[in-house]
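Reading through the structure tokens given below for one structure.
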Amino acid sequence: MKIHSLLALLGGALACSSIVRASSSEEIIVTGTRTPLALDRLAASATIITRADIEKRQVNSLPELLKGVAGLDVTVSGGDGKVTDVRIRGTESDHVLVLVDGVRIGSATVGTTAFQHLPLAQIERIEIVRGPRSSLWGSEALGGVIHIFTRRGAGETPRYSLDAGGGSYETVELSVGISGEYKDFDYSAALSRFDSDGIDARRPVQGPFGFSQPDKDGYDNFSFHVRGGYRLSAAGELEAFILRAAGTTEFDGSFQDKTDFVQQVVGAAVSWRLLERWRTELRLSEACDETENFAPSGAPASAFDTKRQQLSWQNDLSILDAHGLTLGLDYRQDEIQSSNRFAQTSRDNVGIYGQYSGNFHGHQLIASVRWDDDQVFGGKTTGGVGWSYRWREWLRLYASYASAYKTPSFNELFFPGFGNPALGPENADSYEAGLAGQHDVIGWSLRAYRTEVKDLIVTVFDPATADFSPQNVNKAEIVGVEAEFNFQWREWEAALAVEYLDPKDKASGSRLPRRVKQRLSLDLSRALGRFILGGRLLAEGSRFNNAGARNPVSGFATLDLRAEYRLNDNIRFQAKLANLLDKQYETIDSYNSKDRNFFLSVHYQSR
């Protein structure tokens, strides 16, 4: 898609109004500073997705929900439950730190998170912070942080929920839940099931490595979540939770075509206000990522199990109301078990961080620094500083700088016949500036950023050994601009996000693989009595599937329509028609996406 085509779409969209939920100054975000902070005081670009947003959008998976969020590039290898990569602002897919209730998740072997298996039914809220956050969270937070919060109980009367639906590709989804409070105890529990025959994940491929597997590649996922909290006193609180998803996904491949998976996060935390201005929290957790892969014959082919055991201790101190200090320690041990004989199967990391936050006559200043000691490559220091200021009642300005890094994965370091134990971390420096305003029913924001990544890990051929191995050899420069507009007036709601990105390899000058330069997302809805009607347009430019601007993948535009009918305060009926124009498109070369499809559902929530 050409840039003038994108601008034409933007002009038409603005003529029809804009759309996306406006960010209220009362909204609180935790991820950007590891402490509660008003969203309009954060010197960074952030998006908050609430449970109401998830239900309004009528999506069936986390990747589908994240598509169209400003700064996020989502690529899927062939339908529900298939490998999904999420890139933030042109950085790599393993440059995204993903947290569940403060717990770092993801595979230590491949270095990425299986977004496709995280169940939406168990999610209450998502906070997305764009830009580096290594100075608070350590490795992986080079491109940004996606923080998922699970559902929790509230209200003395127990609340029951039931959601059921079905649609194209023999898709069925069912979830049940209960939540509430009893005296000083709050609780939440839910079960969900997703099952689909799926689509043919990959079209036939020609050439020496080509193959053809014309079949449906199904997916099933059974998940549950239990969470409880107990108020020890007015000053203390104890909480614990478990989230688990397990199932099977089928795909097209010459050597493997089915995977059994388990995603599990378990955590417990205790927080206490030791003094009026001193709060401390201790968190213990474990995240598991397990996969067992099978050959087309049904024989076991490979297995990779990751355990990430974590301990976090954080202290928040308030100084004269307008100033705050945060000091903390993180410890993590990664362990893997595999059918492959890795040269090393465990590593640990210790991180110590500090942050200062102060308000000087409306000028908010936040500065942080962190030192990490990794068992493999040693010490690393990162830092960041940000400034924000509400210049007028309707106008806010901010600017920031941060350094970040990403440690090599187990596969890059120790995979048999491939890994390079001499690898060092990837490093980045990033600058961002932005402004945002709110004018009655219209809200808007505009920001620009520049990120330079050094020591990028790429696979190269070594003539001396005639083998391929990962090396720290590449540099990249990423420059981008993002704009968001939102509109709320009477029964109308609208949200528009537009971005332009220039992610290039500094050596060759070519675009980094699998990144688009232009993207537009427009969502529009209107309430009509008991009905709510809505639609969503997503347009993305072309991309190249491989380095060196090879294997182009065409741009596309899709249109979804949705409707909701509220029978009463407890029961809602929903219907969605996705990809209305039946666009045949790909986000990864040769991997299919869904054609025109529908989904019908009913939802019950006691009050």
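Heads up: numbering here begins at 1 and tracks the sequence. Computed from heavy atoms alone, side chains included, the values below leave out hydrogens, waters and symmetry copies.
Annotation: salt bridge (charged side-chain N to carboxylate O under 4.0 Å, His left out) contacts involving residues 544-553, sequence neighbours excluded, are absent. Note on residues 579-590: pairs passing salt bridge (charged side-chain N to carboxylate O under 4.0 Å, His left out), not counting sequence neighbours, are R203-E586, R203-D589. Pairs of residues two or more places apart, or lying in two chains, that qualify as ring pair (Phe, Tyr, Trp, His ring centres under 6.0 Å) and include a residue from residues 87-127 are H117-Y219, H117-F261.
Atom CD in E499 sits 9.5 Å away from atom CG in L520 (nearest 0.5 Å). Taking NZ of K406 as the start and CD of E140 as the end, the distance is 5.5 Å to the nearest 0.5 Å. In this structure, OG1 on T150 lies 11.5 Å from CD1 on I242, to the nearest 0.5 angstrom. Of the inter-residue distances, the one linking E124 atom CD with I49 atom CD1 reads 13.0 Å to the nearest 0.5 angstrom. For the atom pair CZ (F149) and OG1 (T31), the distance works out to 4.5 Å, reported to the nearest 0.5 Å. Taking CG of L528 as the start and CG of L533 as the end, the distance is 5.5 Å to the nearest 0.5 Å.
In this structure, Q605 contributes its side chain and D163 its backbone to no donor-acceptor pair below 3.5 Å. A donor-acceptor pair is defined here as one N or O able to donate and one able to accept, closer than 3.5 Å; no such pair exists between the side chain of E412 and the backbone of P408. The main-chain N or O of V76 is found under 3.5 Å from a side-chain atom of T587 such that the two form a donor-acceptor pair. The backbone N or O of G165 sits nowhere less than 3.5 Å from a side-chain atom of E173 that would complete a donor-acceptor pair. In this structure a side-chain-to-backbone donor-acceptor pair under 3.5 Å is missing from D505 to L512. Put simply, the side chain of R515 gets close to the backbone of G90: a donor and an acceptor are under 3.5 Å apart. Proximity of a side-chain donor or acceptor of R596 to a complementary backbone N or O of L580 within less than 3.5 Å is detected. Looking at N474, its side chain never comes within 3.5 Å of a backbone N or O of L456 through a donor-acceptor pair.
Under 4.0 Å is where a charged nitrogen must lie from a carboxylate oxygen, and between R87 and E92 at least one such pair does. Ion pairing of R89 with E482 is present here, as a side-chain N (NZ or NE/NH1/NH2) and a carboxylate O approach within less than 4.0 Å. Using a 4.0 Å cut-off between a side-chain N of Lys or Arg and a carboxylate O of Asp or Glu, R133 and E127 do not qualify as a salt bridge. The pair D560-R562 fails the salt-bridge criterion, with no side-chain N (NZ, NE, NH1 or NH2) lying under 4.0 Å from an Asp/Glu carboxylate O. Salt-bridge check for R514 with D73: failed, with every basic side-chain N at 4.0 Å or more from each acidic carboxylate O.
In this structure, I123 and P119 approach most closely via the heavy-atom pair CG1-O, 3.4 Å. Here the closest heavy-atom approach between residue A201 and residue D217 is recorded as N-OD2, 2.8 Å. Shown here for S302 and S339, the closest heavy-atom pair between the two residues is CA-OG, 3.3 Å.
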Step by step, work out the salt bridge (Lys or Arg N to Asp or Glu O under 4.0 Å) result for D289 and R308.
CA-CA 9 Å; D289 181 296; R308 316 189 86 166; over 6 Å; no

Give the C-alpha distance, both sets of side-chain angles, the deciding distance and a yes or no for salt bridge (Lys or Arg N to Asp or Glu O under 4.0 Å) between R519 and E540.
CA-CA 4 Å; R519 181 179 295 104; E540 294 189 353; 3.1 Å; yes

When you look at K216 and E170, which way does the salt bridge (Lys or Arg N to Asp or Glu O under 4.0 Å) test go after all the steps?
CA-CA 11 Å; K216 290 185 177 181; E170 303 298 322; over 6 Å; no

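Remark: of the listed residues N221, D220, V172, D220 is the sole one forming a side chain to side chain contact (heavy atoms under 4.5 Å, CB included) with R193.
Taking a 6.0 Å sphere around CD of E491, one finds it holds more than 12 heavy atoms contributed by other residues, nucleotides or ligands.
Qualifying side-chain hydrogen bond (donor to acceptor under 3.5 Å, both in side chains) partners for S601, counting only residues two or more places apart in sequence or in other chains: H603. Residues passing the side chain to side chain contact (heavy atoms under 4.5 Å, CB included) test with A190, sequence neighbours excluded: Q122. Listed by chain and number, the residues in a side chain to side chain contact (heavy atoms under 4.5 Å, CB included) with F251 are K82, Q256, T259 (sequence neighbours excluded).
Counted by atom type alone, D260 and T248 present one or more donor-acceptor pairs between their side chains at under 3.5 Å. Side-chain contact annotation: R202 with S590, donor-acceptor N/O pair under 3.5 Å present. A donor and an acceptor atom, one from each side chain of T47 and R130, are located under 3.5 Å apart. At a cut-off of 3.5 Å, with distance as the only test, no side-chain donor of S175 or S192 sits close to an acceptor on the other residue. There is no side-chain donor-acceptor pair under 3.5 Å between N570 and Y160.
Side-chain contact between D53 and L65 is absent, with no heavy-atom pair separated by less than 4.5 Å. Residues D215 and D252 are in side-chain contact: their nearest non-hydrogen atoms beyond the backbone lie under 4.5 Å apart. With a 4.5 Å cut-off on side-chain heavy atoms, N60 and L120 do not count as touching.
Ring planes of Y585 and F556: parallel class, angle under 30° (limits at 30 and 60°). The aromatic rings of F224 and F222 lie tilted to each other, with the angle between the two planes from 30° to 60°.
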